[in-house]
Amino acid sequence: MSVRTRFAPSPTGYLHIGGVRTALYSWLHARQQGGRFILRIEDTDVERSTPEATVAILEGMAWLGLDWDEGPFYQMRRMDRYREVLAQMLAAGTAYHCYCSREEVDAMREEQRQRGEKPRYDGRCRQRTTAPEGVAPVIRFRSPDDGETVVEDLIHGTVRFQNSEMDDLIIARSDGTPTYNFCVVVDDWDMGITHVIRGDDHLNNTPRQMQILQALGARVPVYAHVPMILGPDKQKLSKRHGAVSVLEYREQGFLPDALLNFLVRLGWSHGDQEIFTREEMVEFFRIDAVNKAASAFNPEKLLWINAQHMQRLTPEGLARHLLPYLGGVGVTESLLASGPELPAVVALLQERSKTLVEMAAAAEMFYVAPVAGEPKEVEKHLHGQGALLATMTQALGALPNWEAAAIHSVIQELAVTHAGGKMGKVAQPLRVAVAGRAVSPPIDATLALLGKEETLARLRRAGRWA
């Protein structure tokens, strides 16, 4: 049977990295097995679900390249199907109407607590033959009274649940709307899901869902419950460190493949390998090799992995990723067209940038001349250096071949004649003059890329700052 996995987020909040890792593991398993990956939006929580969250989920999945083969399916559009199955179960006796009020159930559980028993619904409506007037019933699943339900989990191994510990689950509310555990079962059944990969906070729901599937005569899927992601402080992941919309990582300048690489390693490994291409993840990933223990989110590790992925791209490929970020630093299309070729700029910045936002900020100087230098750097490197700037302008202007090697020779000569051979005494004023700041790629390569005319124009302008 062909493998069919699913990712089923709820649009009550944005897609965060815990959800992304679950989606990634499901996607990888389907792709690795030549199966199908289904996207399902579980939007039955009408009060908390929002269209904005749904859009953000779809946009996040698309940005990450976690393409789905079927869907997205929406639970709210499947209500007729849920009611059909509920009717079947009532007719078969595997579900029944319960007329107990909330107060009656609360009193029942309080009596059980006083007797030292585990509070649970005692099934008193199972045998009820008459319906009290004016009471809208819930529908409960008739859970097995004895024996055990065994979950053979691919990650946690064999997990046993005593049926006597589970009461009759409500599968439809008094207003007729089906509950989460019931909708999930019908969806997985109808969609032919063979492998359910999800967070281990769902593990306690699994025996109930298995029982309902068995009552329907449906095939029970294989389960794999993925451990939680913790914050750096080993506490539950919070917005302060990671539990934010995945699209915020796009805004911060992370590459989608780098984020997926980071997430796949939170709980899974392949020898000592740290950096994976998407193709390698598909080839090597095994869901039954995921660790049981929770993993900690490490922001520094994410930055390092992103930098590695940036360095491994071709300048042309990385330039395509960089383009959307340049507008944020004032680099327009017309400036791009009149300035250096973007892949050449990228090649110069590739080894020193950790994010696309950082690279865009560094690339700005190649397209936008500084109106004024950073005051602190101007004071430190240019104050009283008007004569040196004039000499630089004259020496560089006399160069017949505008190449990095020739520029380097000029800077060396100026260092010998004007700074006792100290390159920094010439290179730093030159850097601040053309970039407006004291940090840039190697100054000879920077000037070569800026071009002769632009470099000389910036030097003349900086003469006024000195």
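Please read all numbers here as calculations on a predicted model, not as lab measurements.
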>> Students often mix this up, so state it plainly: with edges at 30° and 60°, are the rings of H270 and F284 parallel, tilted or perpendicular?
In response: parallel

Under a 4.0 Å threshold between the charged nitrogen and the carboxylate oxygen, would [Y] count as salt-bridged to [X]?
{"X": "E42", "Y": "R40", "answer": "yes"}
{"X": "R81", "Y": "E84", "answer": "yes"}
{"X": "R320", "Y": "E316", "answer": "no"}
{"X": "R431", "Y": "E377", "answer": "no"}

> Do F276 and W268 make the cut of ring centroids closer than 6.0 angstrom?
Replying inline: yes

> Does the ring center of F141 lie less than 6.0 Å from the ring center of F182?
Replying inline: no

Would you please say whether a donor-acceptor pair under 3.5 Å links the side chains of [X] and [Y]?
{"X": "D43", "Y": "Q75", "value": "no"}
{"X": "E152", "Y": "T158", "value": "yes"}
{"X": "D175", "Y": "T177", "value": "yes"}
{"X": "H225", "Y": "D153", "value": "yes"}
{"X": "Q273", "Y": "E280", "value": "yes"}

Of [options], which meets side chain to side chain contact (heavy atoms under 4.5 Å, CB included) against [X]?
{"X": "R6", "options": "H195, R36, R198", "result": "R198"}
{"X": "V410", "options": "L430, L399, D444", "result": "L399"}
{"X": "F297", "options": "L302, L263, L230, D233", "result": "L302"}

Could you tell me if the side chain of [Y] sits less than 4.5 Å from the side chain of [X], heavy atoms only?
{"X": "R31", "Y": "F37", "result": "yes"}
{"X": "I212", "Y": "I171", "result": "yes"}
{"X": "R312", "Y": "I275", "result": "yes"}
{"X": "Y180", "Y": "N205", "result": "yes"}
{"X": "V416", "Y": "Q412", "result": "no"}
{"X": "F73", "Y": "D190", "result": "no"}
{"X": "S338", "Y": "Y367", "result": "no"}
{"X": "P441", "Y": "L349", "result": "yes"}

Reported [atom1]-to-[atom2] distance for the pair [X] and [Y], which is rounded to 0.5 angstrom:
{"X": "T355", "Y": "F254", "atom1": "OG1", "atom2": "CZ", "value": "6.5 Å"}
{"X": "H16", "Y": "T22", "atom1": "NE2", "atom2": "OG1", "value": "8.5 Å"}
{"X": "L260", "Y": "L66", "atom1": "CG", "atom2": "CG", "value": "5.5 Å"}
{"X": "L459", "Y": "Q394", "atom1": "CG", "atom2": "CD", "value": "12.5 Å"}
{"X": "R78", "Y": "C183", "atom1": "CZ", "atom2": "SG", "value": "8.5 Å"}
{"X": "L336", "Y": "L323", "atom1": "CG", "atom2": "CG", "value": "6.5 Å"}

>> R352: which residues meet the salt bridge (Lys or Arg N to Asp or Glu O under 4.0 Å) condition with it, sequence neighbours left out?
In response: none

>> What verdict does the side chain to side chain contact (heavy atoms under 4.5 Å, CB included) test give for L318 and L356, after you've listed the backbone C-alpha separation in whole Å, the side-chain angles of each residue and the deciding distance to 0.1 Å?
In response: CA-CA 9 Å; L318 190 51; L356 293 165; 3.8 Å; yes

> Yes or no on side chain to side chain donor-acceptor pair (under 3.5 Å) for Y249 and N306, after CA distance, side-chain angles and deciding distance?
Replying inline: CA-CA 11 Å; Y249 291 96; N306 197 63; over 6 Å; no

> Is the NZ or CZ atom of R4 both under 6.0 Å from the centre of the six-membered ring of W189 and within 45° of that ring's axis?
Replying inline: no

> If you draw a 6.0 Å radius around CD in E341, do more than 12 non-hydrogen atoms from other residues or ligands fall strictly inside?
Replying inline: no

>> Check this for me: K452, atom NZ, are more than 12 non-hydrogen atoms of other residues, nucleotides or ligands nearer than 6.0 Å?
In response: yes

>> Applying side chain to side chain contact (heavy atoms under 4.5 Å, CB included) to T5 and W27, what does each step give before you reach the verdict?
In response: CA-CA 7 Å; T5 68; W27 184 87; over 6 Å; no

> Does the side chain to side chain contact (heavy atoms under 4.5 Å, CB included) test come out yes or no for M61 and W68, once each step is laid out?
Replying inline: CA-CA 9 Å; M61 293 287 285; W68 52 92; 3.6 Å; yes

>> Could you walk me through whether V434 and L450 satisfy the side chain to side chain contact (heavy atoms under 4.5 Å, CB included) test, starting with their C-alpha distance in whole Å, then the side-chain angles of each, then the deciding distance to 0.1 Å, before giving a yes or no?
In response: CA-CA 9 Å; V434 298; L450 274 176; 4.2 Å; yes

>> Show, in sequence, the C-alpha distance, side-chain angles and deciding distance for E374 and K380, and conclude whether the salt bridge (Lys or Arg N to Asp or Glu O under 4.0 Å) test is met.
In response: CA-CA 10 Å; E374 295 177 357; K380 181 178 179 181; over 6 Å; no

> So, does E358 use its side chain to make a donor-acceptor pair with the main chain of G253 at under 3.5 Å?
Replying inline: no

